[in-house]
Chemist: 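First the structure, then my questions, so here it is.
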Number of protein chains: 2
Amino acid sequence: MSDTTSRILRLLSLLQTHRDWSGSELAGRLEVSPRTIRRDIDRLRDLGYPVHASAGVAGGYRLQAGASMPPLLLDDEEAVAIAVGLRFAAGGSVAGIDEASVRALAKLEQVLPSRLRRRVNALQTYTVPMTYGDGGPTVDPDALICIAQACRDLERVQFDYKAKDGAETQRLVEPHRLVSLGRRWYLVCWDVDRRDWRTFRVDRLTGCLPEGVHFHPRELPAEDAAAYVAASISSTYTRYQVEVKLHSSKADLRGKVRSQDGQLEEIDNKSCLLRTTGDSLEWIAAWLGWFGVEFEIIQPPELIEYVRDLAARLTGSASTSA
Amino acid sequence: MSDTTSRILRLLSLLQTHRDWSGSELAGRLEVSPRTIRRDIDRLRDLGYPVHASAGVAGGYRLQAGASMPPLLLDDEEAVAIAVGLRFAAGGSVAGIDEASVRALAKLEQVLPSRLRRRVNALQTYTVPMTYGDGGPTVDPDALICIAQACRDLERVQFDYKAKDGAETQRLVEPHRLVSLGRRWYLVCWDVDRRDWRTFRVDRLTGCLPEGVHFHPRELPAEDAAAYVAASISSTYTRYQVEVKLHSSKADLRGKVRSQDGQLEEIDNKSCLLRTTGDSLEWIAAWLGWFGVEFEIIQPPELIEYVRDLAARLTGSASTSA
DNA sequence: ATCCTGCGGTCAGAATCTGACCGCAATGGG
DNA sequence: CCCATTGCGGTCAGATTCTGACCGCAGGAT
């Protein structure tokens, strides 16, 4: 076959690697004539990837952002970095892109060479948890990817599931959709043995194995998968609205209260109102302690008890340590 | 020009989108004959991207992981997810891949359509900080990207720099290398006005503007950039070795002490030894409180005072709130 | 003005591409 | 075993595309 396709991809890769290239540099690199390079640049433009050109002494070609994404040509380390970053994003820490993250991750891991996969797994130790301090179990990225790929490919999978009461079962399912809700992943699927719909928490799921058998999608008895999950899980997920008056100026708290953690509103030059939400009063109590300032809890009232308990424990621990 | 390159990229995209495709499906999608699809599959194989084929009733083609990464064909949301994930990874939270993350980010953001860039920026609010609780300033991803691209393209940049004492200056530099050290990004560069090498902290740098003027790389007066940074910054960066005996079984602490946070070693069925390192005793004190158990500090001794102070503050704050 | 860059048309000769046709091989189900 | 459905790869004729060389033009910096 012709070398044109291969060369176009190499050209695209070069243009992504450094921003500015002269036609003669590209021609030398790709071992074709400058006229052919000019044609290749036109080919890229025809594909929808704008290449800006400037003539003259400091002239050359420059790949620019266009209306759509070109293919990404990545080296090994870049691919690993993307995989690790996506594992974080898929962990539910960034609302709004978790499903796209899983999709991208399924795509990337499908083609990731095994030596790079080993490197990603070696770095897995360092994957930051879903949120800091919520103390919840973390999702195994491999399980998440396996399920995502099965959903995508309409392929049955089997896995081991550990229920809330500790009971372990093996399941064979037709995965319908992954749903991220309340920072957790749920799998909505058809349970083949029980011949009914089921919802599983992905963090409780291990040993995911694709069966290699395809299925025809079924119609879910709900408007959509997210609604189905929301109806299935009991509302044990409580979220506290927290308001605390901090005895400090807003400027002194800069860098400690980040916008994703809570909203800081200046009362006067000596105090601020902090508003946040959270599902662990234990954690919130410790976090408030970290600011290094006195504070006054406005709501919820039950937080006061947690702060009191924490204070007592720390007092006891400090005297034990002295 | 021919449609072959375009079609190959579309084929690659389809193969990345779903795992299994029959030849006739692909032929219909791409509006060519099945014989042409077979040729295109061979073209992908010649490019180094293995496509597995199975004949028979459930047969078809499947793109597999090979020795190298193929180009990644991404949709809009996938690109945004990758950008957000990479911003996290470039933030220094994952040791070992931060430089590759920045490189990948520079590459991605070069071609990211502006409407997607706006979405990434809108999601920036939710980007998780470098580490949880170290209280340090966060790096502006746009500044990091701008600098990374300037290093890559050998292009002068100017920026505003706010030094430790609060003094603000404008700088024109030839960026040499970005170095990640101690979870911070440093820029090693040649200061054009001062005609000398300088090291800048990226989190103190704003208003990065490429000058459009290229420079020839200079030889750095050090073995490498990392060594140069290490020699340049004063050792105000202290890292504490922490050892604490926790009065709890290892099983009860599962989920609270993660491997990246510290190492948990069982003493007996009622206590564990926790080892970790950190640069903020304030934070470590609060973190220890969060476990919900009594503890005994073995080292460092100065941590005891921090715990005592925290306890006092929490005690005062709880009674103010009651 | 000179030099260095990009630009795009034209040409001849070579190379490649396509669909159609063919016979073969592998797989699963009846 | 037979049948249907899948992948495979060679061959052919006709059409299309590709390449380097050559040319004259345009833009930008010095």
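Side chains are part of it too, since the values below use all heavy atoms of this structure and drop only hydrogens, waters and symmetry mates.
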Chemist: Which residues pass the ring pair (Phe, Tyr, Trp, His ring centres under 6.0 Å) test with Trp190(A), sequence neighbours left out?
Modeler: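 Here the qualifying residues are Trp197(A).
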
Chemist: My understanding is that only residues two or more places apart in sequence, or in another chain, count here; which of them pass side-chain hydrogen bond (donor to acceptor under 3.5 Å, both in side chains) with Arg218(B)?
Modeler: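 Scan of Arg218(B) (side-chain hydrogen bond (donor to acceptor under 3.5 Å, both in side chains), adjacent residues dropped) gives Glu174(B).
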
Chemist: So among Arg7(A), Arg35(A), Arg10(A), Arg45(A), which one has a side chain to side chain donor-acceptor pair (under 3.5 Å) with Asp40(A)?
Modeler: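 Exactly one pass, corresponding to Arg7(A).
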
Chemist: Please set out all donor-acceptor pairs under 3.5 angstrom arising from side-chain atoms of residues 58-77 of chain A, sequence neighbours excluded.
Modeler:
unit_1	atom_1	unit_2	atom_2	d
Arg62(A)	NE	Asp20(A)	OD1	3.0
Arg62(A)	NH2	Asp20(A)	OD1	2.8
Arg62(A)	NH2	Asp20(A)	OD2	2.9
Asp75(A)	OD1	Glu77(A)	N	3.0
Asp75(A)	OD1	Glu78(A)	N	2.9
Asp75(A)	OD1	Arg103(B)	NH2	3.1
Asp75(A)	OD2	Arg103(B)	NH2	2.7
Asp76(A)	OD2	Arg115(A)	NH1	2.7

Chemist: If the condition is ring pair (Phe, Tyr, Trp, His ring centres under 6.0 Å), which residues does Tyr49(B) pass it with, not counting sequence neighbours?
Modeler: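 Tyr49(B) satisfies ring pair (Phe, Tyr, Trp, His ring centres under 6.0 Å) with no other residue.
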
Chemist: Summarise protein proximity over nucleotides 18-30 of chain C in one line of letters, 5' to 3': B for base, S for sugar-phosphate only, - for none, counting protein heavy atoms closer than 4.0 Å.
Modeler: BBB-----BBB--

Chemist: Between protein and nucleotides 13-15 of chain D, what N or O pairs are separated by less than 3.5 Å?
Modeler:
none

Chemist: By side chain to side chain contact (heavy atoms under 4.5 Å, CB included), which residues pair with Ser22(B), not counting sequence neighbours?
Modeler: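 Expected list: Ser24(B), Glu25(B).
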
Chemist: Which angle, rounded to 10°, do you find between the first-five-pair axis and the last-five-pair axis of the helix from dA1(C)-dT30(D) to dG30(C)-dC1(D)?
Modeler: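 For the helix from dA1(C)-dT30(D) to dG30(C)-dC1(D), the axes at opposite ends meet at about 50°.
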
Chemist: Within the structure shown, what part of the strands sits under 4.0 Å from Arg45(A) by heavy-atom distance: base, sugar-phosphate, or nothing?
Modeler: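 Counting heavy atoms under 4.0 Å across all strands, the contact made by Arg45(A) is with sugar-phosphate only.
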
Chemist: Could you state the atom-to-atom distance from CD1 of Ile41(B) to C1' of dG7(D) in whole Å?
Modeler: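 Between C1' of dG7(D) and CD1 of Ile41(B): 10 Å.
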
Chemist: Holding to side-chain hydrogen bond (donor to acceptor under 3.5 Å, both in side chains), I want the full list of residues that pass it with Arg194(B), two or more places apart in sequence or in another chain.
Modeler: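 In terms of side-chain hydrogen bond (donor to acceptor under 3.5 Å, both in side chains), with neighbours along the sequence ignored, Arg194(B) is linked to Asp191(B).
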
Chemist: Please tell me if the side chains of Trp185(B) and Val102(B) come closer than 4.5 Å, counting only heavy atoms from C-beta onward.
Modeler: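 They are in contact (side-chain heavy atoms under 4.5 Å apart), so the answer is yes.
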
Chemist: If the condition is side chain to side chain contact (heavy atoms under 4.5 Å, CB included), which residues does Gln170(A) pass it with, not counting sequence neighbours?
Modeler: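 Counting only residues at least two positions away or on another chain, Gln170(A) forms a side chain to side chain contact (heavy atoms under 4.5 Å, CB included) with Gln158(A), Asp160(A).
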
Chemist: Below 4.0 angstrom, N of the basic side chain to O of the carboxylate: do Asp46(B) and Arg43(B) qualify?
Modeler: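 The answer is no: the pair does not qualify as a salt bridge.
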
Chemist: I'd like to check His18(B) versus Leu14(B) (side-chain heavy atoms, cut-off strictly below 4.5 Å). Are they in contact?
Modeler: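 A side-chain contact is absent here, since even the closest heavy-atom pair is not under 4.5 Å.
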
Chemist: According to side-chain hydrogen bond (donor to acceptor under 3.5 Å, both in side chains), who are the partners of Glu155(A), at least two apart in sequence or on a separate chain?
Modeler: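 With neighbours one apart ignored, the set is Arg19(B).
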
Chemist: Does Lys162(B) come within less than 4.0 Å of Asp203(B), counting only side-chain N to carboxylate O?
Modeler: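 The answer is no: the pair does not qualify as a salt bridge.
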
Chemist: In residues 9-26 of chain A, which ones come under 4.0 Å of DNA chain C, going by heavy atoms?
Modeler: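 Ser22(A), Gly23(A) - these, ordered by number, are the residues of the stretch whose heavy atoms sit under 4.0 Å from the strand.
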
